[in-house]
Chemist: 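Below you'll find the structure I mean.
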Amino acid sequence: MDSRVIHSGMETVQVDLGSRSYPILIGHGNLSDFSRAYASEGLGSNAAIVTNPTVARLYLDPVRTGLEAQGVAAIVVEIPDGEEFKTLATAGRIYGELIRAGLDRRSCIVALGGGVVGDTAGFVAATYLRGIDFVQIPTTLEAQVDASVGGKTGVDHPLGKNMIGAFYQPKLVYVDTETLVTLPRREVVAGMAEVIKHGLIRDEILVRFLERKIENVADMAIEPEQLVGLIARNCRIKAGVVAADETEAGLREILNYGHTVGHAIEAVTDYTAYKHGEAVMLGMLAAGRIGVIKGFWKPAELQRQNALIERIGIPSGARALESGKLIARMASDKKARDGVIRFVLPEAIGRAVSCDTVNREEIEEGIRYMQRRSPEPA
Ligand code: NAD
Ligand code: GLY
């Protein structure tokens with residue numbers, strides 16, 4: 001695993017987007033140095049740290065104290081913990097706190113937490129005073145390898161997930177992989193879905209690494225340098241795709257491997273039964289099988305994918321899902337075009353394409369295949 005250490009003990013991954021380019025700094029045990037990176041990016045002397053009570057209890061102090069030591073006046077806005085609070089109402093509450101504190105156009109929002117905090121705070125940054133600076137400090141595996149990178153911000157609507165949002169890039173992403181030690185194993189495993197996805201769509205070497213070490217990663221039983229290298233490798237994959245296609249006009253779609261069925265599973269279970277990453281793992285089983293049916297992928301490649309997912313645990317309970325309801329949700333998803341359901345299908349380990357010619361029988365077979373592999377709930 002690549003573990004070049006470039007930026008004072010930290011790995012740097014650059015997201016190349018012209019005037020909107022930014023660095024992702026990745027280290028282990030570096031949270032109290034965040035304020036130095038903040039200052040070196042020339043960010044504002046007024047900030048709002050948006051977080052939730054779970055993360056605040058663990059990680060707010062070093063971030064806030066460091067900023068204050070740099071002369072940055074930081075207010076703290078805590079939002080409730082949970083996907084059900086990734087809403088316009090929560091965004092509205094944050095706007096209120098920013099206005100009351102007099103934050104102006106030169107102020108900066110610091111999102112400290114997982115994907116829910118990052119997506120919501122990023123959306124507020126995109127829209128408050130028509131856009132102010134924004135920094136991500138992701139503290140879940142999902143957010144460190146995926147959600148904090150690439151500028152998709154947004155909130156959910158009762159009629160659909162991530163239905164309201166903006167592409168809005170942060171000025172800096174600052175990762176301390178040591179924060180993952182407090183993350184519940186279920187959350188780590190859910191984040192692994194995106195790591196497996198990145199390998200399958202873009203990086204066979206990453207897949208080979210996971211084939212050797214996936215249990216160690218899921219148990220957070222790997223050396224800090226290796227963990228930093230793993231996060232950096234994932235950020236590099238995502239940064240490369242985003243740099244080529246920031247607004248998902250083409251290539252970026254491949255980041256949605258497993259998401260067509262995954263998003264439908266989340267929706268039909270009201271976002272309560274499965275973590276996002278768990279639904280994506282199930283979705284990769286279905287999409288991988290469809291890839292084989294269509295002759296894009298070899299059965300042996302599907303087996304390699306499935307073995308990785310099995311080793312960290314195929315999410316249970318998918319047999320109870322109704323195929324018809326899943327397909328109806330897929331057709332109304334924002335990624336469908338004129339009701340045509342789009343799938344990302346693997347072509348080889350490390351290569352994927354977007355496809356809009358998957359017919360209903362093929363989708364049903366993919367769903368049945370996924371269901372057969374999902375254990376009954378304990
Ligand atoms: P999350 O933000 O809900 O975090 C999961 C749980 O872990 C929460 O209870 C949180 O409080 C807790 N937590 C966070 N950091 C912790 C830590 N270090 N130690 C202990 N507990 C900690 O969930 P998530 O999986 O991080 O993110 C899911 C969200 O991200 C979804 O809304 C999804 O749509 C979004 N997402 C966005 C993108 C994007 O490109 N913007 C990509 C992937 C996912
Ligand atoms: N998580 C998919 C994307 O950022 O495009």
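All values below were derived from every heavy atom in this structure, side-chain atoms included, with hydrogens, water molecules and symmetry-related copies excluded. In listed order, ligands and their atoms are each counted from 1.
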Chemist: Inspect the surroundings of CZ in Arg106 and state if more than 12 heavy atoms from other residues, nucleotides or ligands are less than 6.0 Å away.
Modeler: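 Counting neighbours around CZ of Arg106, 12 or fewer heavy atoms of other residues, nucleotides or ligands fall under 6.0 Å, so no.
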Chemist: Would you kindly specify which portion of Lys238 sits under 4.0 Å from ligand 1, judged on non-hydrogen atoms: side chain, backbone, both or neither?
Modeler: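 Side chain only.
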Chemist: Which ligand 1 atoms does Glu187 reach within 4.0 Å, using its non-hydrogen atoms?
Modeler: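 By the 4.0 Å cutoff, the relevant atoms are 5 (C), 6 (C).
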Chemist: In the protein, what heavy atom is nearest to atom 37 (C) of ligand 1, and what distance, to one decimal place, separates them?
Modeler: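 That would be Asp119 OD2, 3.2 Å.
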Chemist: Are any of the N or O atoms of Glu194 closer than 3.5 Å to those of ligand 1?
Modeler: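 It does not: no N or O of Glu194 is found under 3.5 Å from an N or O of ligand 1.
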Chemist: Which one of Arg186, His276, Lys161 has a non-hydrogen atom at the shortest distance from atom 34 (O) of ligand 1?
Modeler: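 The option holding the nearest heavy atom is Lys161.
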Chemist: With a 4.0 Å heavy-atom cut-off (strictly under), which part of Lys275 contacts ligand 1: side chain, backbone, both or neither?
Modeler: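 Near ligand 1, Lys275 shows nothing, with every heavy atom at 4.0 Å or more.
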Chemist: Taking NZ, NE, NH1 and NH2 as the nitrogens, is one of them in Lys152 or Glu248 under 4.0 Å from a carboxylate oxygen of the other?
Modeler: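 Between Glu248 and Lys152 there is a salt bridge, with a charged N closer than 4.0 Å to a carboxylate O.
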Chemist: Is a side-chain N or O of Tyr174 found less than 3.5 angstrom from the main chain of Asn30, in a donor-acceptor match?
Modeler: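 Between the backbone of Asn30 and the side chain of Tyr174 there is a qualifying donor-acceptor contact (under 3.5 Å).
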Chemist: Which of the atoms of ligand 1 are close to Thr54, meaning less than 4.0 Å from one of its heavy atoms?
Modeler: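 This gives 11 (O) as the contact atoms.
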Chemist: Counting distance only, does the side-chain N/O of Tyr274 pair as donor-acceptor with the main-chain N or O of Ser316 below 3.5 Å?
Modeler: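 Yes, because the side chain of Tyr274 sits within donor-acceptor range (under 3.5 Å) of the backbone of Ser316.
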Chemist: Do the side chains of Lys161 and Glu83 get close enough for a salt bridge, i.e. N-O under 4.0 angstrom?
Modeler: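 Here Lys161 pairs with Glu83 in a salt bridge, since their nearest N and O are under 4.0 Å apart.
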Chemist: Considering only heavy atoms, does Thr153 approach ligand 1 within less than 4.0 Å through its side chain, its backbone, both, or neither?
Modeler: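 The answer is neither.
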Chemist: Which heavy atom of Gly366 sits nearest a heavy atom of Ile290, and at what distance?
Modeler: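 Closest approach of Gly366 to Ile290: CA-CG1, 4.0 Å.
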Chemist: For ligand 2, which is the ligand I care about here, please tell me if Lys238 has any N or O atom under 3.5 Å from one of the ligand's N or O atoms.
Modeler: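 Yes, Lys238 has an N/O under 3.5 Å of an N/O on ligand 2.
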Chemist: I need the atoms of ligand 1 closer than 4.0 Å to a non-hydrogen atom of Leu58, numbered in the order shown.
Modeler: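 It comes down to these atoms of ligand 1: 19 (N), 20 (C).
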Chemist: Test side chain to side chain contact (heavy atoms under 4.5 Å, CB included) on Phe296 and Val353 and set out the steps.
Modeler: CA-CA 9 Å; Phe296 286 36; Val353 284; 3.6 Å; yes
Chemist: Which residue supplies the protein heavy atom nearest to atom 3 (O) of ligand 1, what is that atom called, and how far is it?
Modeler: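 In this structure, atom 3 (O) of ligand 1 has Val116 CG2, 3.4 Å as its nearest protein heavy atom.
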Chemist: Tell me: protein heavy atom nearest atom 1 (N) of ligand 2, and distance?
Modeler: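 Answer, as residue, atom name and distance: Asp146 OD1, 3.3 Å.
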Chemist: Considering only NZ, NE, NH1 and NH2 on the basic side and carboxylate oxygens on the acidic side, decide whether Glu211 and Arg208 come within less than 4.0 Å.
Modeler: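 Judged by the 4.0 Å cut-off on N to carboxylate O distance, Glu211 and Arg208 do not form a salt bridge.
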Chemist: With heavy atoms only and a cut-off of under 4.0 Å, state how Leu183 meets ligand 1: side chain, backbone, both or neither.
Modeler: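 Within the 4.0 Å criterion, Leu183 contacts ligand 1 through backbone and side-chain atoms alike.
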Chemist: So, does Glu248 sit close enough to ligand 2 that a heavy atom of it is under 4.0 Å from the ligand?
Modeler: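 Yes, Glu248 has heavy atoms under 4.0 Å from ligand 2.
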Chemist: When you measure from the centre of the six-membered ring of Tyr369, is the NZ or CZ of Arg373 closer than 6.0 Å and no more than 45° off the axis?
Modeler: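 Judged by the rule, Arg373 and Tyr369 form a cation-pi pair.
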Chemist: Starting from atom 43 (C) of ligand 1, locate the nearest protein heavy atom and write down its residue, its atom name and how far away it is, to 0.1 Å.
Modeler: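 For atom 43 (C) of ligand 1, the nearest protein heavy atom comes out as Glu142 OE2, 3.1 Å.
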Chemist: When you measure from the side chain of Asp133 to the backbone N and O of Cys108, does any donor-acceptor pair fall under 3.5 Å?
Modeler: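 Side chain of Asp133 to backbone of Cys108: no pair is present.
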Chemist: If you have a sec, work out which protein heavy atom is nearest atom 14 (C) of ligand 1 and how many Å separate them, to one decimal?
Modeler: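 Nearest protein contact, heavy atoms only, for atom 14 (C) of ligand 1 is Thr140 CG2, 3.3 Å.
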Chemist: Pick one of side chain, backbone, both or neither for how Lys152 approaches ligand 1, counting any non-hydrogen atom pair under 4.0 Å.
Modeler: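 Under 4.0 Å from ligand 1, Lys152 contributes backbone and side-chain atoms.
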Chemist: Is ligand 1 under 4.0 Å from a heavy atom in the side chain of Thr139, in the backbone, in both, or in neither?
Modeler: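 Both backbone and side chain.
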Chemist: Counting both backbone and side chain atoms, is some N or O of Asn256 under 3.5 Å from an N or O of ligand 2?
Modeler: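 No: no nitrogen or oxygen of Asn256 is under 3.5 Å from one in ligand 2.
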Chemist: Would you mind listing which atoms of ligand 1 come within a distance below 4.0 Å of any non-hydrogen atom of Thr182?
Modeler: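 So the atoms of ligand 1 that pass are 17 (C), 18 (N), 19 (N), 20 (C).
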Chemist: What is the nearest protein non-hydrogen atom to atom 23 (O) of ligand 1, stated with its residue, atom name and distance?
Modeler: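 So the nearest neighbour among protein heavy atoms is Gly115 N, 4.2 Å.
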Chemist: Distance under 4.0 Å to a non-hydrogen atom of Asp81: what atoms of ligand 1 satisfy this?
Modeler: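 Those qualifying, in numeric order: 8 (C), 9 (O), 10 (C), 11 (O).
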Chemist: List the steps, then state whether side-chain hydrogen bond (donor to acceptor under 3.5 Å, both in side chains) holds for Gln371 with Ser323.
Modeler: CA-CA 10 Å; Gln371 289 180 315; Ser323 184; 6.0 Å; no
Chemist: Record the part of Asn52 in heavy-atom contact with ligand 1 below 4.0 Å; permitted values are side chain, backbone, both and neither.
Modeler: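 It is the side chain that touches ligand 1; the backbone stays farther off.
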Chemist: Determine whether a donor-acceptor pair (N or O, by modelled atom type, separation under 3.5 Å) exists between the side chain of Thr65 and the backbone of Asp61.
Modeler: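 Such a contact is found between Thr65 side chain and Asp61 backbone.
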Chemist: Report yes if the side chains of Val280 and His276 come closer than 4.5 Å at any heavy-atom pair, otherwise no.
Modeler: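 Yes, close enough: below the 4.5 Å cut-off.
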Chemist: Under 4.0 Å from any heavy atom of Glu83, which atoms of ligand 1 are there?
Modeler: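 Numbered from 1, ligand 1 contributes 29 (C), 31 (C), 32 (O).
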Chemist: Under 4.0 Å between a Lys/Arg side-chain N and an Asp/Glu carboxylate O for Arg368 and Glu365?
Modeler: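 Judged by the 4.0 Å cut-off on N to carboxylate O distance, Arg368 and Glu365 do form a salt bridge.
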